[in-house]
Asker: 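Quick one: the structure is below, questions incoming.
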Amino acid sequence: MHTVQENDPSNLLQRLIGLQQAFRHIPSDAIDHLAESLGLSRAFILGVIQFYSFLHSSPRGEYDILFSDNITDQMQGSRLLAQRLASKLGVDIGRTRDDRRVTLDYTSCTGMGDQGPAALVNGHPITRLTMERVDQLAALIEQAVPLDNWPAELFQVSAGVERRDIVLNSDYKPGTAILRCLEEGAEELLRRLEQAGLRGCGGAGFSTAKKWRFCASTESAERYVVCNADEGEPGTFKDRYLLQAHADRLFEGMTLCAAVIGARRGFLYLRGEYRYLLGPLQQILQQRRENSLLGQSILGRDGFDFDIDIHLGAGAYICGEESALIESLEGKRGIPRNRPPFPVTQGYLGMPTVVNNVETLANAALIAQQGAEWFRSVGTAQSPGSKLLSISGDCERPGIYEFPFGTPISEILAACQAHHTQAVQIGGAAGRLIPPAEFNRTLAFEDLATGGSFMVFNQSRELLNAIDNFTRFFRHESCGFCTPCRVGTAMLTKQLGKVMVGHATSKDLDELGTLGSLMRQTSHCGLGQTAANPILDGLEKFPDIFQSRLRSTSFEPAFDLDASLEEARAITGRSDPGAHLEGGGV
């Protein structure tokens with residue numbers, strides 16, 4: 001196993017996560033020590049701490065509770081549950097209790113959409129929350145029961161597989177794909193992946209074989225393999241299942257990539273919300289080392305040396321973008337890089353790097369074992385194979401579904417037993433909002449590409465609440481690097497808020513559309529380019545939900561400037577005409 005040097009600056013984030021877990025915050029003297037030992041400035045370290053939502057410079061409670069605040073959790077009553085717990089514990093949401101026993105707050109999607117409402121307690125997931133479970137949590141906290149002694153059923157995370165196809169129905173024997181690669185050669189493996197037509201399963205759909213080939217052909221002394229397990233898109237949880245149930249396939253896929261590109265080191269970037277999986281994943285890695293499937297001379301082949309480290313994230317959606325993820329791997333704030341150069345030529349530490357997500361790498365291992373024809377036995381010509389979906393929301397059977405590419409939305413809705421569906425959000429908050437008139441569209445790269453999120457909303461839902469939830473999510477998760485996204489997400493939130501409370505006019509809707517289009521065209525990375533998707537899709541496909549909230553006036557001020565000066569008038573004791581503004585609305 002590769003050992004990270006203590007004085008390596010790229011280890012900063014992992015050191016900070018360790019301090020956060022040990023002290024419930026990052027102590028000031030620890031920052032000074034890190035600055036000296038890593039050769040970094042205090043300001044740089046503080047910037048990293050402020051960037052990640054799971055790192056804090058002031059102490060959190062002994063029990064740090066974060067309620068998942070994705071729209072599907074809200075639909076199941078998460079806000080009422082959080083308020084009940086706050087009342088039981090005598091703490092305001094967003095605050096730490098005076099005795100530092102507990103901190104209670106919201107976080108974005110925790111990857112438990114099929115078994116919500118959900119929360120994290122000191123990083124451990126608690127699913128299927130009810131009023132009774134909330135009361136149970138309150139009692140355990142007030143009695144100061146250590147988390148290790150809490151009832152095990154509170155922490156159960158089920159697999160929740162509702163439909164299997166060629167991938168989830170395939171048996172897998174660890175080492176089979178590696179042995180075949182060693183016997184037939186890297187070029188034959190690439191040919192098989194090309195014939196299979198495997199594309200990146202994160203949504204972009206770039207050819208996996210091409211990505212590996214580009215990296216292998218770049219002149220460099222070192223190359224790296226990175227698995228993107230930062231499954232942060234709201235409503236997505238299929239990678240969580242693969243990490244729980246099929247980690248061997250994933251690690252074998254990473255090892256195959258290493259054999260092709262000549263890498264000696266790989267990283268699994270595990271999102272902070274999945275920290276509870278760290279121990280089991282490390283055990284699987286150790287077992288693979290003992291079975292000569294990782295480490296020195298893999299399967300007895302001299303010179304085939306490759307090992308994998310697990311790198312924890314700390315709560316930053318933007319790190320799902322591959323260049324931001326690499327920045328985070330290097331111990332920095334996860335701000336997306338300018339491209340080109342692309343990671344395959346200049347990635348981790350400036351070296352050629354392949355970044356693939358969990359599903360892609362697991363599929364690569366199966367294709368190496370089963371062959372290209374097996375993978376092409378389902379799907380379409382442009383989108384061969386199958387796709388894992390994370391289905392949540394208004395359906396009787398939420399969970400993990402595997403469908404062949406080319407499956408229409410209507411068939412997926414029937415399978416999960418969704419009734420009276422008003423809309424489907426495909427691809428998470430950054431995806432597309434689909435009305436019933438388009439339920440004949442298909443799950444495919446040539447039609448509706450998705451990273452795996454599939455959220456269902458029935459006719460009883462106020463769809464504008466979902467759009468508002470997604471818009472606020474992007475405002476919170478913007479890294480702030482570029483002005484179009486930093487300012488644009490704030491303006492979208494404010495302008496949409498005006499619609500929500502019934503103070504908007506048709507002019508405001510026009511401005512929402514203009515602002516959203518501008519963000520698409522000018523933002524630095526995919527976050528800003530897709531942040532307006534929920535609003536733009538809503539305006540185009542569900543105009544009535546906006547129109548029904550408009551006032552009849554052609555213009556209404558965003559706020560009353562004259563009223564905002566009332567406090568100043570009270571302080572100065574003035575109420576004369578000169579202390580008032582005529583027509584103070586802005």
Asker: If only side-chain N and O atoms count, and only distance matters, is there a donor-acceptor pair under 3.5 Å linking Arg24 with Gln20?
Answerer: no
Asker: Any side-chain donor paired with an acceptor under 3.5 Å for Ser68 and Asp73?
Answerer: yes
Asker: Which residue pairs satisfy the ring-ring contact (aromatic ring centres under 6.0 Å, His included) criterion with at least one member in residues 332-358, sequence neighbours excluded?
Answerer: Tyr224-Tyr348, Phe267-Tyr348
Asker: Among residues at least two apart in sequence or on other chains, which ones pass side-chain contact (heavy atoms from CB on, under 4.5 Å) with Ser57?
Answerer: none
Asker: Return yes if a side-chain donor-acceptor contact under 3.5 Å exists between Asn533 and Arg520, otherwise no.
Answerer: yes
Asker: Would you say the side-chain atoms of Thr360 and Asn357 include a donor-acceptor pair closer than 3.5 Å?
Answerer: yes
Asker: Could you check, using the six-membered ring where one of them is a Trp, whether His246 and Tyr241 have ring centers closer than 6.0 angstrom?
Answerer: yes
Asker: Once ring pair (Phe, Tyr, Trp, His ring centres under 6.0 Å) is applied, do any residues pair with His25, and if so which ones, sequence neighbours excluded?
Answerer: none
Asker: Using the ring of Tyr63 (Phe, Tyr or Trp, six-membered ring only), decide whether Arg100 places NZ or CZ under 6.0 Å from its centre and within 45 degrees of its axis.
Answerer: no
Asker: Does the plane of the ring in His124 sit parallel, tilted or perpendicular to the ring in Phe155? Use 30° and 60° as the thresholds.
Answerer: perpendicular
Asker: Is the closest side-chain donor-acceptor distance between Glu322 and Asn228 under 3.5 Å?
Answerer: no
Asker: Please tell me whether Ser87 and Arg84 have a donor and an acceptor in their side chains that are separated by less than 3.5 angstrom.
Answerer: no
Asker: Check the pair Phe214 / Thr345 against side-chain contact (heavy atoms from CB on, under 4.5 Å), numbers first and verdict last.
Answerer: CA-CA 8 Å; Phe214 284 151; Thr345 58; 5.9 Å; no
Asker: State whether a side-chain donor-acceptor pair under 3.5 Å links Arg128 with Gln115.
Answerer: yes
Asker: If you define the side chain from C-beta out and look only at heavy atoms, does anything of His311 sit under 4.5 Å from Ser328?
Answerer: yes
Asker: Run Leu13 and Leu312 through side-chain contact (heavy atoms from CB on, under 4.5 Å) and show every step you take.
Answerer: CA-CA 8 Å; Leu13 180 57; Leu312 279 170; over 6 Å; no
